[in-house]
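Worksheet: one structure, shown below.
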Amino acid sequence: MDLEKIRRRMLWVGVILLLLYAGLYIRLALVQRDPKVQTAAGRQGTYTLRVGSTYGNIYDRNLEPLTNRDTEYLAAVIPTDQTAAVLKGHVPEGYDLAEQLRAGKPFVCPVDSEEISGEDVLVFSVPVRYGESRLAQHLMGYALEGEGVCGLESAYQQLLRQDTGTNQVVYQVNGQGELLAGSPAKVTPAEPVKTGVVTTLDRDIQQICEDAAQQMERGAVVVMDVHSGDILAMVSRPDFDPAALGEALRSENSPFVNRALNAYSVGSIFKLAIAASAIQNGISPGYSYQCTGMTQIYGQMFRCHRHSGHGIQNMIDATANSCNTYFISLVQQLSVKQMLETVSALGFGRETILCSSPPWYLLRDRYRLLVSFPFRRSWRISPSVRGN
């Protein structure tokens with residue numbers, strides 16, 4: 001083979017290789033301009049920690065917060081020998097700090113103070129949604145994994161979470177995900193959350209009721225404004241801790257039951273409904289009956305709370321004495337239809353709607369809209385009265 005042929009072949013091989021390299025270069029250039037590839041490449045060059053987050057608050061009538069009242073301290077940590085020494089004694093008992101350090105990646109851990117100094121430790125003060133000073137827990141409800149489960153957290157789920165604030169710390173890393181030495185972390189503090197729900201509760205009155213209810217094993221306390229019907233405080237005992245839901249589920253006292261809104265069997269207050277129906281249907285308040293302390297209806301014995309009896313009673317006396325047997329006798333003078341008409345007119349059997357989520361319950365800068373109990377939607381109860 002002569003030298004000229006060899007040169008021509010080498011030239012063609014060079015041209016072909018040049019064309020292949022040119023095609024590869026063009027292909028790489030096009031790939032690099034793809035937004036998805038650029039985003040992925042950017043992520044490979046950074047490592048982001050999210051350090052605590054918060055969302056829309058719930059307020060009392062005076063714009064005092066009912067949630068996010070407590071704070072905790074969270075540290076964004078770069079694992080080094082120095083940070084291990086800095087954090088020693090500042091993490092909760094039982095927290096496996098050594099395991100986090102061995103993982104070799106930045107991590108978030110709870111600490112007991114914001115006065116922790118270290119080159120590779122950044123401490124943030126983060127609001128706690130429901131801490132030790134939580135109030136009106138049954139009304140507030142709770143959330144799991146960012147989703148409201150019950151109470152206002154559920155009724156205003158979309159509103160409360162449309163505005164969130166999260167602290168972010170971004171570290172520079174190489175292609176293997178290792179931190180680049182000497183590269184400063186970029187800190188983006190959480191933006192203030194301006195969205196919230198305002199209730200008619202009064203935080204001070206609520207706190208007084210919560211303190212007073214501590215002595216109750218089970219029960220409820222409700223304080224209302226008699227002029228407007230606004231609920232100023234509502235407490236149910238026992239309470240539950242959103243951080244210990246399993247313990248509450250196992251409790252025999254059913255702490256998830258809101259005893260302030262739970263339906264009870266009607267008691268002596270129903271005697272007023274009987275009296276109203278009697279008068280409405282032409283029975284005189286002078287109708288009398290002799291209370292002997294007991295009466296028998298279809299073989300069933302019913303007793304008065306005064307076992308010796310009240311003697312002869314008219315409607316006024318029986319109401320003052322809350323005489324059971326008198327009102328048993330009085331209701332026997334009425335038909336089922338007459339009683340049903342009266343109690344229906346008084347609201348028995350009707351739902352009272354306590355909560356809804358229209359779209360404008362916001363706190364934006366200096367503007368606010370007061371949300372009042374009773375609300376409209378979500379929680380429904382039937383009128384009932386607890387007797388003596």
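Residue numbers run from 1 in the order of the sequence given.
The closest side-chain donor-acceptor pair between Gln206 and Glu210 falls under 3.5 angstrom. In this structure, a donor-acceptor pair under 3.5 Å is absent between the side chains of Asn321 and His310. Counting only N and O atoms by type, the side chains of Gln338 and Asn281 include a donor and acceptor under 3.5 Å apart. Judged purely by distance below 3.5 Å, without hydrogens or angles, the side chains of Thr83 and Asp120 never pair a donor atom with an acceptor atom. Judged purely by distance below 3.5 Å, without hydrogens or angles, the side chains of Tyr289 and Gln333 never pair a donor atom with an acceptor atom. When only modelled atom types and interatomic distance are considered, Gln168 and Thr48 share no side-chain donor-acceptor pair under 3.5 Å. No side-chain N or O of Tyr59 forms a donor-acceptor pair with one of Glu64 less than 3.5 Å apart. Side-chain N/O atoms of Lys271 and Thr319 include no donor and acceptor closer than 3.5 Å.
Proximity of Arg61 to Arg203: side-chain heavy atoms (C-beta onward) are nowhere separated by under 4.5 Å. Considering only heavy atoms from C-beta on, Gln100 stays 4.5 Å or farther from Val77 through its side chain.
More than 12 non-hydrogen atoms from other residues, nucleotides or ligands lie less than 6.0 angstrom from CG of Leu272. A 6.0 Å sphere centred on CD of Gln332 holds more than 12 heavy atoms belonging to other residues, nucleotides or ligands. Environment of CD1 in Ile205: crowded, with over 12 heavy atoms of neighbouring residues, nucleotides or ligands closer than 6.0 Å. Counted within 6.0 Å of CD on Glu132, heavy atoms from surrounding residues, nucleotides or ligands total 12 or fewer; the atom is thus considered open.
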Leu135 vs Gln207, side-chain contact (heavy atoms from CB on, under 4.5 Å): CA-CA, chis, key distance, verdict:
CA-CA 7 Å; Leu135 290 173; Gln207 185 67 67; 3.3 Å; yes

Show your working on salt bridge (Lys or Arg N to Asp or Glu O under 4.0 Å) between Glu153 and Arg161 and close with a plain yes or no.
CA-CA 9 Å; Glu153 291 282 17; Arg161 284 158 182 78; 3.4 Å; yes

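Checking Thr166, Asn167, Thr164, Asn68 one by one against Thr54, the side-chain hydrogen bond (donor to acceptor under 3.5 Å, both in side chains) holds for a single residue, Asn68.
Grouping Ile, Leu, Val, Met, Phe, Trp and Tyr residues whose side-chain heavy atoms lie under 4.5 Å apart, directly or via other members, places Met294 in a hydrophobic cluster with Met301.
No continuous path of hydrophobic side-chain contacts links Leu66 to Tyr142 [ILVMFWY only; heavy atoms under 4.5 Å].
A donor-acceptor distance shorter than 3.5 angstrom exists from the side chain of Asn258 to the backbone of Ala260, with no hydrogens or angles considered.
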